[in-house]
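Remarks on the structure that follows.
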Amino acid sequence: MRKEVTKHMRAVRIFIRSIRDAIKSVFRNFSLSFASIMCTTITLILVSVALICAVNIENATKSIEDELNIVVYLSKDVTEEEINNIRSDISSQDNVEEVTFKSKTEWKLEMSDYNDTFETVLNYLDENPLMDSFIVKVREVEHLSDTAEYIATISKVDTVKYGEGMVDSMVSAFNVIEKIVVVIVIALIIVTAFLISNTIKLTIFSRRSAIEIMRLVGASNITIKLPFIIEGFIIGVIGAIIPICITIYGYVILYSTLNGHVFSNMIVLIKPYNFVFWVSLVLLVLGAVVGMLGSLKAVRKYLKI
Amino acid sequence: MKFIELKNVNKVYKNGVTALADVSVGIDKGEFVFVIGLTASGKSTFIKMLYREEKPTKGTVMVGGLNVGKIRNGRVYKLRRKIGIVFQDFKLLPKLTVFENVAFALECVGLKDKEIRPKVLSALERVGLKDKVRSFPGELSGGEQQRVCIARAIVNEPKLLVCDEPTGNLDPDTSKEIMKVIEGINRDLGTTIIMATHDRDIVNRMKKRVLLIDHGVLAGDYAKGSYKTHEGS
């Protein structure tokens with residue numbers, strides 16, 4: 001029991017000394033540490049930009065997809081019974097999520113609210129010139145046009161409207177962009193790990209005699225590795241500070257400058273709060289983990305005999 | 001069983017060079033043994049095998065009950081903690097003070113600072129460097145640096161002190177001083193000492209057991225005082 005306790009105490013002391021040595025060594029080899037920190041900083045900034053783009057694109061695609069409806073206008077001579085038949089026909093489609101009926105009276109009210117001219121014109125006419133309609137919400141946007149084409153074939157359906165062409169190409173363009181951005185993020189992470197590992201390899205190369213001596217005086221492998229791993233952690237965390245600041249301030253400023261949307265009201269940016277903190281957390285963890293793995297990879301080379 | 005025992009040890013390097021061929025020898029606890037031989041005779045390999053810098057290709061090397069050839073890489077430190085090693089090139093860390101260099105060996109093992117201090121000071125006292133505690137290796141003479149190296153080797157109170165040409169870089173007078181220190185460790189602490197050297201004066205003067213290695217073969221095992229320098233050794 002007593003032996004166990006002293007064993008733990010030793011491990012704790014070795015851990016504390018490793019932290020001390022790691023901090024010392026970051027500052028003693030400052031030029032090399034600085035190089036590692038800078039390369040972490042630059043790549044993490046790129047990761048941050050790519051990440052913010054990816055998540056925003058994903059979000060925009062989703063919200064655009066949510067807004068995509070098929071509007072089905074019915075013939076003027078449609079009867080109550082036919083309306084019900086058409087509704088059940090549309091609802092029976094696999095891709096249809098929701099069907100809402102919107103009568104011509106509702107349209108009239110809505111349009112009258114929207115514009116005074118409309119109101120005047122519509123009131124001037126004896127008969128309501130508008131048509132009864134269904135608003136159809138689909139499950140998969142990819143099959144939107146198929147569903148629309150089918151609905152158009154139902155009798156007593158006058159016209160079917162959806163954002164033909166433009167919507168299709170926008171959605172597929174977004175999908176492609178999103179995939180590219182994900183690839184870029186992953187590539188950047190790998191590059192960062194590689195760069196950090198190489199820069200730390202340089203700092204370790206300058207200390208290989210210390211490692212050799214540690215081995216000779218009977219330091220266990222983990223005792224030797226620990227300071228370097230902690231050093232990688234410190235470098236990763238310091239390297240993440242500037243990207244985090246840029247992320248938080250940059251995104252908040254960007255959001256308020258653009259009033260929360262890009263190009264048109266359709267592409268809405270994600271609200272900065274909480275979002276920037278999540279991105280920052282990802283950057284911090286990424287910096288720390290990549291730093292540790294990089295230095296672990298580098299120090300391993302010198303522990304083989 | 002002897003404290004150190006080599007049985008039919010062979011060492012062939014990857015490039016095909018045979019460094020040791022069928023070496024068998026036993027060394028008792030507390031002995032002082034010189035290992036002599038020409039450059040490239042295999043004496044360095046012999047020494048390195050004791051602290052598992054090299055593994056035997058064939059045969060067994062036993063040190064204090066541990067089969068050196070069978071120790072896994074991750075466990076080598078267990079052997080190293082029982083052995084003090086003194087090098088020709090000192091292997092001190094230039095950015096650490098004398099005290100820190102010696103303390104380094106104990107910190108690696110995880111001792112308390114309170115335990116480390118007296119041990120380091122007494123080791124430095126033994127090698128006669130108590131007043132240079134705060135100096136850096138670069139400020140010391142060769143002989144003093146070697147003393148630091150010895151202090152670091154003995155601070156852990158090892159049963160075995162392995163010295164690889166400890167006087168190789170030193171002038172004769174300084175060498176004498178260093179040998180006094182090493183002899184004192186052997187006499188006072190009972191530490192087993194194995195020392196590779198090509199300094200004939202030292203070997204002749206000290207009259208200890210001598211192992212002569214020639215072309216990888218144990219060419220002679222001379223008991224205490226029976227060795228006389230002859231041509232070519």
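By convention in this document, chain letters (A, B, ...) are assigned in the order of the sequence lines, proteins followed by strands, and residues within each chain are numbered from 1. Just so we're clear, the structure is a prediction, and the values are computed from it rather than from any experiment.
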Chain A shares the most heavy-atom pairs under 4.5 Å, among B:Asn156, B:Leu111, B:Ile85, B:Val109, with B:Leu111

Are any non-hydrogen side-chain atoms of A:Ile234 and A:Phe27 less than 4.5 angstrom apart?
no

Using the benzene-type ring in the case of Trp, are the ring centres of B:Phe32 and B:Phe34 under 6.0 Å apart?
yes

Is the cationic atom of A:Arg215 (NZ for Lys, CZ for Arg) positioned less than 6.0 Å from the six-membered ring centroid of B:Tyr51 and within 45 degrees of its normal?
no

Are B:Leu121 and B:Val133 close enough that some pair of their side-chain heavy atoms sits under 4.5 Å apart?
yes

At a heavy-atom separation under 4.5 Å, does B:Lys78 approach chain A through its side chain, its backbone, both, or neither?
neither

Pick one of side chain, backbone, both or neither for B:Leu92, based on which atoms fall under 4.5 Å of a heavy atom in chain A.
backbone

Bottom line for B:Lys112: the part with an atom under 4.5 Å from chain A's heavy atoms is both

For the candidates A:Leu216, A:Ile16, A:Ile14, which exhibits the highest count of non-hydrogen atom pairs separated by less than 4.5 Å from chain B?
A:Leu216

Are any of the side-chain heavy atoms of B:Ser175 and B:Ile202 separated by less than 4.5 Å?
yes

Chain B contacts, top residue of A:Arg10, A:Arg13, A:Met9 (heavy-atom pairs, under 4.5 Å)
A:Arg13

Proximity breakdown for B:Arg152 and chain A, heavy-atom pairs closer than 4.5 Å
side chain

Using 4.0 Å as the upper bound for N to carboxylate O, is an ion pair formed by A:Arg20 and B:Glu107?
yes

Between B:Asp113, B:Leu106, B:Ile83, the one whose heavy-atom pairs under 4.5 Å with chain A are most numerous
B:Asp113

So which part of A:Thr223 gets closer than 4.5 Å to some heavy atom of chain B, the side chain, the backbone, both or neither?
side chain

